[in-house]
Colleague: 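Have a look at this one.
Here is the naming used below: chain letters follow the sequence lines, and residue numbers restart at 1 for every chain.
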Amino acid sequence: MIQAADDIVIKICGSAGDGSISAVEILNRAAALMGYHIMNFDAYPAEIRGFGKSVGHTRISRSVLLTTGKYTDCLVALDDVHAITELSTMSKRGVLIYDSKPPQYHQEDQAVAGFIEPGMIGYGIPLRELSTIAVRSSRSRNIVALGVLAALLHLQAEYFETAIRKRFSAKPETVIDNNINAFRLGFDYTLQNVNKYDELDFQHHVYSSNRDSIIMSGNEAAARACLDADLRLYAGYPITPATRIMEILAKELPLKGGFVVQTEDEISAAGHVVGAGFAGARSLTATSGPGICLMSEMINLAVMAEIPSVFIDSQRGGPSTGLPTKTEQSDFNIAAFGGSGDSPRPVLAPTSVPECYLLTRIAFDLAECYQTPVIILMDFFLSNRFEDIDLNQLNSNVFGRFTPQTAPLKDQPYLRFEVTDTGISPRAIPGMENMFHTVTGLEHDERGFPNYGKANHLKMTAKRHKKMETLVRDWQETGTFGPEGQLDVGFISWGSSVGAVMEAISLLNDQNIHSGGFFPRLLSPLQTSHLEVFSRRCKRIIVVEMNYTGQYANYLQVAISKRMERFTRVDAEPISSEDIVNWIIKDES
Amino acid sequence: MIQAADDIVIKICGSAGDGSISAVEILNRAAALMGYHIMNFDAYPAEIRGFGKSVGHTRISRSVLLTTGKYTDCLVALDDVHAITELSTMSKRGVLIYDSKPPQYHQEDQAVAGFIEPGMIGYGIPLRELSTIAVRSSRSRNIVALGVLAALLHLQAEYFETAIRKRFSAKPETVIDNNINAFRLGFDYTLQNVNKYDELDFQHHVYSSNRDSIIMSGNEAAARACLDADLRLYAGYPITPATRIMEILAKELPLKGGFVVQTEDEISAAGHVVGAGFAGARSLTATSGPGICLMSEMINLAVMAEIPSVFIDSQRGGPSTGLPTKTEQSDFNIAAFGGSGDSPRPVLAPTSVPECYLLTRIAFDLAECYQTPVIILMDFFLSNRFEDIDLNQLNSNVFGRFTPQTAPLKDQPYLRFEVTDTGISPRAIPGMENMFHTVTGLEHDERGFPNYGKANHLKMTAKRHKKMETLVRDWQETGTFGPEGQLDVGFISWGSSVGAVMEAISLLNDQNIHSGGFFPRLLSPLQTSHLEVFSRRCKRIIVVEMNYTGQYANYLQVAISKRMERFTRVDAEPISSEDIVNWIIKDES
Amino acid sequence: MTNQRSDDNNNPLLNSGIEYFSDEVKRSGIMNYRSTALPTWCPGCGYYGITHGLANALKNLHVNNNNLVIVSGIGCAGRYPFFVKGYGLHGIHGRALPIASGIKMVRPEFTVLAIGGDGDGLGIGGGHLPHAIRRNIDITYILFDNAIYGLTKGQASPTTPFGQYTKTTPYGNPEKPLNPILIGLAYGASFVAQGFAGFPQDLTIVFQEAIQHKGFSFVVVTTPCVTFDHANITYQRFRNIWKKIPEDHDKQNLANAMALAQDGNYYNGILFQDHRNAWHDVQQSIRKNTSITK
Amino acid sequence: MTNQRSDDNNNPLLNSGIEYFSDEVKRSGIMNYRSTALPTWCPGCGYYGITHGLANALKNLHVNNNNLVIVSGIGCAGRYPFFVKGYGLHGIHGRALPIASGIKMVRPEFTVLAIGGDGDGLGIGGGHLPHAIRRNIDITYILFDNAIYGLTKGQASPTTPFGQYTKTTPYGNPEKPLNPILIGLAYGASFVAQGFAGFPQDLTIVFQEAIQHKGFSFVVVTTPCVTFDHANITYQRFRNIWKKIPEDHDKQNLANAMALAQDGNYYNGILFQDHRNAWHDVQQSIRKNTSITK
Ligand SMILES: Cc1ncc(C[n+]2csc(CCOP(=O)(O)OP(=O)(O)O)c2C)c(N)n1
Ligand SMILES: Cc1ncc(C[n+]2csc(CCOP(=O)(O)OP(=O)(O)O)c2C)c(N)n1
Ligand code: SF4
Ligand code: SF4
Ligand SMILES: [Mg+2]
Ligand SMILES: [Mg+2]
């Protein structure tokens, strides 16, 4: 997309250990302090050893951000060999900051500056040299580079200093001083020596930041939601990209009286969650593809025995072990249809970091209200991207109020699975007086006793599905986005791809292609009526998602007869708005 | 359906231990010897203890049988209390055979004869008394009842005697004699004392039986296919209704040089199968709902690492532990979509006992040819029903010839995952000289090395799906059934429900409602072109399957725009042709 | 008319009672711990003895039914929760321990019992036992060991003797059985005991100790499957081979316990017990941010 | 143009060589058992030592590469098959043993090695170990025990010491670790040995014996994770605490082996070995329809 001069994508690239990631962290914090929005998504090396490369990637803008941007406006090379491999993502008029005095062992033909294409701009700065002045080694050249960036992009230096202080607050005063010194050296050198002729420019603006903002990743948001929702038990098994949720909760949850248990595998994690849910306590696990496979049988038990429980699946490239550090949206099938038998369960998908928070919170309510497992589909991109969040966003609830029904005491014999109009049976939990019952994964009658009768099976199957209908009725968010009325192009998308689609919609509307979106956060059960209303407004409907087979499109297509087109990608990288827009324009023109 | 006088459904009902099941076994064998077709599907008690009831259920007919019949024409009560609960399934002019001299403790108001409805016919026979004459206890009254049946239905006694001899061939001569004596007592008593006024009548016909026939269940057929397909390893974990396959192979496979291992769980079973498949040997496991859930991750590995392996899922009522002894077709979702990521794999569904054989055999070919896991969806009904099979049926192959491609030796460096037009890479297996490679569940390049590159992931994902397109092209069976040309009603069905639909189609055509069917045995990937051709011929399309949500209908609906209707049932019992016909006629008239 | 005879109504659990108990049994008070459901087990099954022993233990300890939760896996043994007056979760095959642990973690005041067969607990669920033991979570796990897969009708289990004929081992079981007591000890269980279904009174005593033990209690009950095992664990063969634990056995001595577990005898009673911190105690120190090793 | 720099081409495994080996190493012949792929492990990781020890063992035994199959789970250890010249299956987390068993069952002439980390083999895969051992299938299982989850970046594992700080145990590990040697013995393994990644020469000897053993061989290798464990298994701490197995230790004496496994020392070498029939031998009798107990 054509970005404004104050909407800039920055990458800092170096070897592992060069501090690319922590420099970007400081940059984000400084920008947020000045009232900018940021979206940060670092590239992770695939292996532990990672063969060295490490790239911090952030976008800073005055406007709310929906994507991390397809092209890099400004690339900082802390290590030329690695930086060369990032050049392919630069925008046409991109800016490269490189070390003008590379170390001795540096090979001529691997100087990044030699590879930039016509139209791009390169500024050589003696990063190592300045670092050596500050800390007697090249270790601080990441911070020197921040000084260069601040001077070049016209960002206020004082906010960087605050951010640096915060970053190193646990370290001795001298470390802080050295780093601030490194920053200043880069800043001053740039002011004095660089003849700026690029267009990237934040114009020294600082926006009255009464926003109560915080920088958070999707994993952090989900963990925070657990804490705020009074989670009692987190049971989990490490797996990328979900592990961080457990690591945060391992620290925080015990301080709030809850427990964290690292189980021997995902089956056990799911078992602990279902056990705690049966006992009336909020419980959750987070996993990814291979783990959700293993949980399938336990989730089915929770469906059959109607036990509240919440499962986060942070998707990664699949199938099997797949691409552990790449993003994809290909677990819709297993989330919605991965159980044997007819096994209905709500599937939610946040579209942004704040929604990781909001939907995790609401998931606990849903689980208790509808007495069901709830699956939340995050993905690598959402889990690991950082956004600046207005804390007020976390208090909104546009989804609905979901209140669990408790069975009145002493209502003997208690019918745990009483058939009602809503499918929901008033619930008693262990510990209550005299509301004895045993739940089971076998088909059962209203009391909970095993029963394989024909009429009973039909009745109970209908009851379990009825709960989903009730949920669809109760769910208030319509998922509709963009202008009203007739649309040339109606987009449907979900999860982390929605940001790019929103961006594409506004770009298309700018070009007079009337576009709008339907972005359900409740992926399944489907709000068929909203989909129908939306589809009637659209000349074309295009489903955008990150998988090969159009998993969600297939699900939607069953509900309406209008044929949908698919924009599906398995790029191992988030979809970009540019790609969507180009695809549409090619078609429409 | 309106059955002919020589198409009779018989139930023998008693307490567990009364010998209902073994009497039906003898009856089947005798009927088959006379050249009749049989279809036998006993009712299993749900619990081990089973609370006593045990029902043998068979249908005997001159024509090829497609269902076990909805109504019972003739009920033999070996125990009145249990038999009463079977009366509700009797046909309007049904025949009851009951004990005219019940034992002392028998309660007046629980005499089965007191419950038969007007129009039905009851014959009282002193079953216990005759048994006591033969063997000095009531133990043989099941055999006495066979004599009654033979005399009443006009079946030749001598074939029963052969069948009795065969049944007790392992027992001492006196046992055989006693039983034959019991049979004769029942037979003679009936001839002499019963004034037959019902319409059930086989007319003493014996059909020149040059059919080389054998009575087999679906599980037996699948096991036999394994033996004939040169299975090298069966790895499995017991679960109803699949256990019998393992039990047969445990006996037979070692005699053919193969191995059977009872593993600690289904994950391990699947792991053994995948290991053996990687090593180039044919291997299989059989399981049911809870087990297929647990295998999901291993099946995904086989998809990603392209390892031949065969999985039978004999479906039962679900979700979770569900209804272990009831039939259902609700695992299509998990079979086709139960893996994380985009995880294509062929899903097959036999529609009859002979097809359990044929499709299991072909599954091994598919697995090797397309280097993929293959899932076969059987169900409780198919696993446990017995049919008389013409052995010639087992030699046919209407599905296609699938020949695996072996990599030529010494073609270094060997590309295990070479991208080809068909998606199929010529395969080398361990043990071959110098074709070293390592396969992985990680995304990988053509050599098999982990690779998370963008272009590579797309290429390899496309390759895995391309194999499925190749399979669709190679698969020869069209699934089309019934008259050509335009159809008032086109049925689509799969698996064990197809028999009832075929029966319904012929009934409807008799009534001038032009009907036909599309019954794919390759459920997925979908033969879209066959479906399209079929759908264009149909005024209405109705998908018939035994689940609640229309799992297969949903899958099909994505492929064509014509809307389909659904006839879905979760009755815990096979669908009957009568129910289908009634539903259609109600609509059409 | 005929509808009234539909099989929905013939679910025996719904309509049956426990009238078959003698007045004496009813007076004993153990009926306070029995539901009204009729057990689904074969007549003569060892599980009746275990049930009796356990109901008595619950009675003797005056366990509060409202806080009593029984979790089971799948199998004949798995049906147990339905027959107890309390709360129950009849889970999935092999997962009684994770589920029971989850319950106990969030409701430490509950008396949580986990029940499962030998296939359930040592086969499919065998991966959970070491870790529940490591956590020393305060639940009582009762393994109903009949050395056979009962519910699925007689296949070999992880404790079936080498060479035994079963439905899946028609030429004799080719695998060496596991010794559940020994592996429980090797995992570091803080309470390990065993008993025989034919001695319900002795079981009662063991169960009482197990329930009272603070930490994970592992109780292995050898029990005859009268329907599918006529060769191995039968009342006749087993009643006489049980021994009293030697008088001088020190329950805190792990090496001795391991020796007893391997000497070929069956010992009735508690082989090992130690008093390290249970899971909740350790967690308590975490919350207080004090060192957990204290 | 820019396409040529796409990340598809920067897969280091594809383009790298093993040039970094010294001429001496290359001359030794162990390169016949190394693939050309560059290991993905951190510099200094104990796994290099194990790799060296194993390659030497394969060389000394003249194992036929064509019949060599290495199966692994997931984890840093799991990457091992890619670095060996032979056939490999990098499976899924915890399932190396079932897969390796399946391979060996149908191709008894193969040399099958199963490799996995402590999380892989004792955590998620812990349920398979007792049963592979019961079957006594003739494969060699090498547990790379670094007492940490390496690949997922430093969480507690089943062998992490009580009280240790890791990413998931910020207040100290609340669970008692498993003793892999002891449980291997308790399961009835026919071959149990241990070694240290810092002593590759000793490992070579152990591996040779393990591969030659007819039956299931269980080898536990203690190995430092230099990136995520600075407290527990470090070269400095561990090099000195290893002991020789006492001269008079009888490898066939299970009780003694169990005692050694529990006395707090680390013993380098083979603790236990017996010579009961391996799985294929037992199956052979089944096929011949002769009694398997003979
Ligand atoms: C995942 C799964 N696999 C298999 C089964 C079938 N199954 C039910 S019970 C059982 C074994 C029962 O044996 P055991 O645990 O010893 O209990 P018992 O019946 O002897 O009491 C099996 C294999 C199942 N229900 N779920
Ligand atoms: C089913 C599943 N769960 C979780 C993971 C994530 N995962 C990969 S490796 C690993 C643990 C690695 O630890 P270990 O087995 O000790 O091997 P190491 O890396 O230490 O060699 C985990 C949890 C996975 N790949 N699959
Ligand atoms: S099958 Fe065996 S274990 Fe099951 S109830 Fe009957 S006797 Fe008991
Ligand atoms: S993370 Fe640890 S185990 Fe993994 S390669 Fe690095 S040092 Fe080795
Ligand atoms: Mg058992
Ligand atoms: Mg490890």
Colleague: Do side-chain atoms of C:Arg107 reach the backbone of A:Ala279 as a donor and acceptor pair under 3.5 angstrom?
Modeller: yes
Colleague: Which atom names give the shortest non-hydrogen contact between A:Pro254 and C:Ile286, and what distance separates them?
Modeller: CB-CG2, 3.8 Å
Colleague: Select, from A:Gly441, A:Gly257, A:Ala235, the one with the greatest count of heavy-atom pairs under 4.5 Å involving chain C.
Modeller: A:Gly257
Colleague: So with a 6.0 Å cut-off around CD of A:Gln405, is the heavy-atom count from everything else above 12?
Modeller: yes
Colleague: Any side-chain heavy-atom pair from C:Asn65 and A:Phe436 closer than 4.5 angstrom?
Modeller: yes
Colleague: Quick one: do A:Leu301 and C:Ile99 satisfy side chain to side chain contact (heavy atoms under 4.5 Å, CB included)? Show the steps, please.
Modeller: CA-CA 11 Å; A:Leu301 172 65; C:Ile99 295 172; 3.9 Å; yes
Colleague: Between atom CD of A:Glu264 and atom CG of C:Leu129, what is the distance when rounded to the nearest 0.5 Å?
Modeller: 10.0 Å
Colleague: Less than 4.5 Å to any heavy atom of chain C: does that hold for the side chain of A:Ser283, its backbone, both, or neither?
Modeller: neither
Colleague: Can you tell me which portion of A:Ile429 sits under 4.5 Å from chain C's heavy atoms? Options are side chain, backbone, both or neither.
Modeller: both
Colleague: What heavy-atom pair brings C:Arg135 and A:Gln262 nearest, and what distance separates the two atoms?
Modeller: NH2-O, 3.3 Å
Colleague: Quick check: closest heavy atoms across C:Tyr87 and A:Thr438, and the distance to 0.1 Å?
Modeller: C-OG1, 4.4 Å
Colleague: Could you tell me if the side chain of C:Val71 sits less than 4.5 Å from the side chain of A:Phe278, heavy atoms only?
Modeller: no
Colleague: List the atom of C:His280, the atom of A:Phe259, and the distance in Å for their closest heavy-atom pair.
Modeller: CD2-CZ, 3.7 Å
Colleague: Quick check: are there more than 12 heavy atoms from other residues, nucleotides or ligands sitting under 6.0 Å from NZ of C:Lys59?
Modeller: yes
Colleague: Within the 4.5 Å heavy-atom criterion, are A:Pro450 and C:Arg79 side-chain neighbours or not?
Modeller: yes
Colleague: I need the residue from C:Arg95, C:His93, C:His90 with the largest number of non-hydrogen atom pairs under 4.5 Å to chain A.
Modeller: C:His90
Colleague: When only pairs under 4.5 Å are counted, which of C:Pro81, C:Ser72, C:Gly86 shares the most heavy-atom pairs with chain A?
Modeller: C:Gly86
Colleague: Given that the side chain runs from C-beta out, which part of A:Met304 has a heavy atom under 4.5 Å from chain C: side chain, backbone, both or neither?
Modeller: neither
Colleague: Looking at side-chain heavy atoms only, is the closest gap between A:Val261 and C:Ile137 below 4.5 Å?
Modeller: no
Colleague: So which residue, A:Val274, A:Val273, A:Ile267, ends up with the most heavy-atom pairs under 4.5 Å with chain C?
Modeller: A:Ile267
Colleague: Which of the residues C:Val106, C:Val84, C:Ile92 is involved in the greatest number of heavy-atom pairs with chain A at under 4.5 angstrom?
Modeller: C:Ile92
Colleague: For A:Pro430 and C:Val69, work out which heavy atoms get closest and say how close.
Modeller: CB-CG2, 3.9 Å
Colleague: Donor-acceptor pair, C:Asn66 side chain versus A:Asn434 backbone, under 3.5 Å?
Modeller: yes
Colleague: Using a cut-off of under 4.5 Å for heavy-atom pairs, which of A:Gly275, A:Ala269, A:Ala281 has the most such pairs with chain C?
Modeller: A:Gly275
Colleague: To the nearest 0.5 Å, tell me how far A:Met432 CE sits from C:Asn67 CG.
Modeller: 12.5 Å
Colleague: Is it the side chain or the backbone of A:Glu446 that comes within 4.5 Å of chain C heavy atoms, both, or neither?
Modeller: neither
Colleague: Heavy-atom cut-off 4.5 Å, strictly under: side chain, backbone, both or neither for A:Asp265 against chain C?
Modeller: side chain
